[in-house]
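Data block below; observations after.
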Number of protein chains: 6
Amino acid sequence: MTEIQRPSGRAADQLRPLTLQRGYTKHAEGSVLIAIGDTRVLCTASVEERVPGFLRGKGEGWITAEYGMLPRATHTRGGREAAQGKQGGRTLEIQRLIGRALRACVDRRALGERTITLDCDVLQADGGTRCAAITGAYVALVDAIRNLQQAGALKQSPVHGQIAAVSVGVYNGVPVLDLDYVEDSSCDTDMNVVMNDGGGFIELQGTAEGHAFRRDDLNSLLDLAQIGASALFQAQLAALES
Amino acid sequence: MTEIQRPSGRAADQLRPLTLQRGYTKHAEGSVLIAIGDTRVLCTASVEERVPGFLRGKGEGWITAEYGMLPRATHTRGGREAAQGKQGGRTLEIQRLIGRALRACVDRRALGERTITLDCDVLQADGGTRCAAITGAYVALVDAIRNLQQAGALKQSPVHGQIAAVSVGVYNGVPVLDLDYVEDSSCDTDMNVVMNDGGGFIELQGTAEGHAFRRDDLNSLLDLAQIGASALFQAQLAALES
Amino acid sequence: MTEIQRPSGRAADQLRPLTLQRGYTKHAEGSVLIAIGDTRVLCTASVEERVPGFLRGKGEGWITAEYGMLPRATHTRGGREAAQGKQGGRTLEIQRLIGRALRACVDRRALGERTITLDCDVLQADGGTRCAAITGAYVALVDAIRNLQQAGALKQSPVHGQIAAVSVGVYNGVPVLDLDYVEDSSCDTDMNVVMNDGGGFIELQGTAEGHAFRRDDLNSLLDLAQIGASALFQAQLAALES
Amino acid sequence: MTEIQRPSGRAADQLRPLTLQRGYTKHAEGSVLIAIGDTRVLCTASVEERVPGFLRGKGEGWITAEYGMLPRATHTRGGREAAQGKQGGRTLEIQRLIGRALRACVDRRALGERTITLDCDVLQADGGTRCAAITGAYVALVDAIRNLQQAGALKQSPVHGQIAAVSVGVYNGVPVLDLDYVEDSSCDTDMNVVMNDGGGFIELQGTAEGHAFRRDDLNSLLDLAQIGASALFQAQLAALES
Amino acid sequence: MTEIQRPSGRAADQLRPLTLQRGYTKHAEGSVLIAIGDTRVLCTASVEERVPGFLRGKGEGWITAEYGMLPRATHTRGGREAAQGKQGGRTLEIQRLIGRALRACVDRRALGERTITLDCDVLQADGGTRCAAITGAYVALVDAIRNLQQAGALKQSPVHGQIAAVSVGVYNGVPVLDLDYVEDSSCDTDMNVVMNDGGGFIELQGTAEGHAFRRDDLNSLLDLAQIGASALFQAQLAALES
Amino acid sequence: MTEIQRPSGRAADQLRPLTLQRGYTKHAEGSVLIAIGDTRVLCTASVEERVPGFLRGKGEGWITAEYGMLPRATHTRGGREAAQGKQGGRTLEIQRLIGRALRACVDRRALGERTITLDCDVLQADGGTRCAAITGAYVALVDAIRNLQQAGALKQSPVHGQIAAVSVGVYNGVPVLDLDYVEDSSCDTDMNVVMNDGGGFIELQGTAEGHAFRRDDLNSLLDLAQIGASALFQAQLAALES
């Protein structure tokens, strides 16, 4: 690994400090505050005993997600989407990603005709909010499923494996793991990687902000992503066992 | 004071446990998490060096507020206003109230041509969110002003006095202070009282949910509100001195 | 009562001239033009044989209200809310108030599964439009109920008692009844009081525009409100008997 | 003229009773209640000393119109457009027509850089609301211009000639003038004709609701429209002279 | 016919070159690209086996239309209505016209409980887009009906006769047929005429842009419209037989 | 390359037939119809001599994109976004992608303070519309730049290199190039790859629809993407030289 100076002083393959706080709020069936560095996202999982119209009567459940950012989660205040009367393109893109990612670990037939909505609200942003949302929402989802099991509504968990996400990027010419805001703002390439704990890729979204990236860049980035994802899976397990 | 059984076991004139956590998030000029019982509202104060069109060039500043509730802050999930494309009537009503309440303690000419926006986002709701928002937003506002003073942008604080709010109501025929959700759902009369620390009323909003209320009910409720407000003012001062 | 000069020359406890014109338009089940001073509000009551989703199958009816102001009801033209694509916060706040006020005098179970919508449209504004709307809507509501009785759809009226509303305020330091626009624009405290004819309070909304108000101010204002409400109840009865 | 039975008993070429009440509300520069049969439209003209962006700095004024219908102006309650969040296609179509019609009698250069907005709000509908709106708005427009002249803002009136509108149609096979709601609901052809007092056509909008119409139908309808328009011009003059 | 110079060199009663290309896209039941001069409109007819709520269970079908213009169909780029969040007044007016026009040739009871939606999207605009849309949509509609017949869903066509539309206007004082953009931008009177092949008028919309028009102008314009419509009917037949 | 049966009979590394038709419409500075298989997208480039607010006065230009799909571009009719009052999440996601992709080949400082908007409207969809949009928009962009050069507004082209996009996916267990609708609907992994002609990646978006994908799958897909992109670059050059 090339020697670099990251603004945070981290090694190139080092995640920021991570905590997953279960039961952060009391009403939701699953409620997790994920903090990774200074990024903090509240992820709640809400169970409802109905499905969207396109699934009615098909014997399948649904997993969906909504994402939001508090107006002053960021350096300068952003407009409140509710006041502006619509969710922006970035928001819609992210919440679609979160929903797809989590659906990838659920057997929707085994879930039965119910919907689990994952609300991911960013209380404080410092880069990597969508990855944090996915990683935290997984834990909230499992808690909601356990709730259903304890209530006798489900015998077995319809969740197979784990899902987590991490960002990687090329910063000052060097591939690094888990970009914070300062790195994200000036990196050449930015990639969000959603993985499962079997080592498979669920989603890959890479963007060249400056120079185009090449196959070997990509390979280095994916190596880092795998390192980061392993740590995230362990943290999820540890949180779920506590 | 009549003897009653409140669901929480509190005395009729007893507030719920209260904490005001300053610096809860790092980007905002003021950022306070107020917790009163199980109600938790994040109040941030954001300073911007511009004013709305109707004030441009008049040498006055502006104080405004926005209110939101995370979808799963409540017992059952509520629709996300950003996704629904508009803020509901209740939301607009509350944020107008918060803005009026806080403007009542600011000399807007002394503030100069800048806007302070108070974002009050409910992370967890258990009754009294609008009152908590006002009480917490006052502390966030003072922190934002102190920031301006430290930055040399203001010599003196344009804030005069303190503002806090508390709910009172008639529960099972008995006037009580600081309704929680269970009490709020079944009370006869519900009143939100915004006061200043000089003992004056800034705003009074009382609604008979069941039986109409009478002058003596009102007087009992206002006595309780004054007791509650005193405690809130002390808690604000304690937080601001810590 | 202190001697004051009101712009209109009225005594402090004097209402503006009031007329309630029933049958102002022909299609609605109840249709009343209320004129109080130069404020004129057309209140119609429309009966529909269905209820909102949340009441379906519960054997109860619903009373709701909508409020609007014609663009040139005011000194300068205001934007048309339909053209702007949404109702403003003030409008939503007022129509929620009107709905709550009128529901307070109706036994919704006795009404049966039907909805009565009270449309209150301000043709000309000179202060006190929300109070005029409530006072006029009550008469329109009673007419709509009488229609249902005459049609054999209801045996007895589900309306118990009367509802009226009046504004009071502190103008130039003196409490006065029924503020007109000139007074409203420069008063210290402005309070809208909804009462029933049993002398009970249904809703109290007081705002300190300038100085905070104190308990004795409040008491003076409520005394005035009771005087005003009595006159309004008599006018409603007279109109309904004509 | 063939003998027919109109539901109202009118002759085929007979207008409904017409009144034009000037100064109906007090704030607008022009304010006219037009009643034609049971149709009642409040037309206000508001003067503002600015023009839309596309005319800024061109030395021309603008005439525009907005149209609305109170929810219970009709037999059954219609949704309030402000609450629905948009103006319907019919509303937009009508207000565009009113604006075009009135612009046809104004020298916009002579008006100077100001906007006159004609708000036409239907208090009660019984057919022919758009024609009534145009006929009434003309009178409100002239009043607003006179106001400008009296205030010294204009030396001469920029209005040339008169504008009025009337509906004609084929009812039960016979051409008739000024359709009321009952006729309008079951007629074969419905035509709205906007004319000036020089006998010229400003706008012609004819729709075959049932059978297509032919040249001779059209000629009969236009003959009737001319008869109706003459009466409307006289009524406008009489109102403006009173 | 007076001698004039039209910008295009056409005779006063001469249509622009016209083509009707069936099967332009492959998914729709009917899909026609109409080109008239440089105006090009893609008209598709989509069949759905359901009707709007107001027709449910009445044994009738529905014909409706939607109109759109690609942002750069015009000389300068217009805003995309989807991005602006609403269809403009002109769009709504045109699509209502197209729908009414096409409904005039369909026996909706014979169609059965299904909806045919005519989407008319302007790829390139050079005047007369609404008339081209109607003329092209008629052919798409017939193709969709033939599809239903071939699929055995309908025995006989519910379409009776043909519908086409053409614009006429007074350009430089002379009545002309089928205005292109240059003529349309500077003509005195602009009239859209929808006819059926029996010589009847379905819709007539004439607007005096400059001078009012008179009965003899109108007669000349309608003569031209009839000439134009005949040519359009022939072109439709030829296209449908190819 | 493994032997497979693609529904279209194509080899695994075979693009669908491709045409790029320049000058498809006449008003836009660049206008290209791209057809790849049965997918047809009209890409126009519109030049405007202004930039969005956030770039004003910075001496840089802007490249942006909007994407739309005609309602019946697809097998079943989709709702018109303009009528629904908002662009869906998929639309916003795609148009953000197109904009980013094209900005990657433009020196925005050399472009000067002007905006080029790329409107990509899908006339017919059969898989791969976003990739077709990017590939076609590149050609439209170059045409618009040439227009600016011919008009003397630009001396040198600010475009460096070429941009194209292609989809790849795992269909029935085998990696294939350029998915059509049938393949897209049932593939395991779907990846959109935006490249430049230097062999660099601009954007990579891969989604596991069924099974997660692994590093070797990814490598096979990227090999195919490079084959496809080469063919697209040649087709762009050929079109631009014609």
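None of the values given here were measured: they were computed from a predicted structure. Residue numbering restarts at 1 for every chain, and letters A, B, ... go by the order of the sequence lines.
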Notebook entry, point to check: Tell me, side chain or backbone of C:Asp121 under 4.5 Å from chain D's heavy atoms, or both, or neither?
Noted result: side chain

Notebook entry, point to check: Under 4.5 Å between any side-chain heavy atoms of C:Arg80 and D:Tyr67, yes or no?
Noted result: no

Note to self: So for D:Glu29, is it side chain, backbone, both, or neither that comes closer than 4.5 Å to the heavy atoms of chain C?
What the structure shows: both

Next item on the list: Evaluate whether atom CD of D:Glu49 has more than 12 neighbouring non-hydrogen atoms of other residues, nucleotides or ligands under 6.0 angstrom away.
Entry: yes

Notebook entry, point to check: In a check of side chain to side chain contact (heavy atoms under 4.5 Å, CB included) between D:Arg72 and each of C:Thr44, C:Leu118, C:Thr117, which one passes?
Noted result: C:Thr44

Margin query: To the nearest 0.5 Å, what is the distance between CG on D:Leu70 and OG on C:Ser31?
Written below: 10.0 Å

Check: Checking D:Glu66 side chain against C:Ala83 main chain: does a donor-acceptor pair fall under 3.5 Å?
Finding: no

Next item on the list: Return the option, out of D:Glu48, D:Gln95, D:Gln87, with the maximum number of heavy-atom pairs under 4.5 Å with chain C.
Entry: D:Gln87

Check: Which atom names give the shortest non-hydrogen contact between C:Asp38 and D:Lys26, and what distance separates them?
Finding: OD2-NZ, 2.7 Å

Next item on the list: State the CZ-CD1 distance between C:Arg77 and D:Ile116, to the nearest 0.5 angstrom.
Entry: 12.5 Å

Margin query: Donor-acceptor pair, distance only, cut-off 3.5 Å: does the side chain of C:His27 make one with the backbone of D:Ala125?
Written below: yes

Notebook entry, point to check: Checking heavy atoms, do the side chain of D:Lys86, its backbone, both or neither come under 4.5 Å from chain C?
Noted result: backbone

Notebook entry, point to check: Who among C:Gly88, C:Ala45, C:Pro71 has the most heavy-atom pairs with chain D under 4.5 Å?
Noted result: C:Pro71

Check: What part of C:Leu42 gets closer than 4.5 Å to chain D, counting heavy atoms only: side chain, backbone, both or neither?
Finding: side chain

Checklist line | Considering all heavy atoms, the nearest C:Arg40-D:Thr25 contact | finding: NH2-CA, 4.0 Å

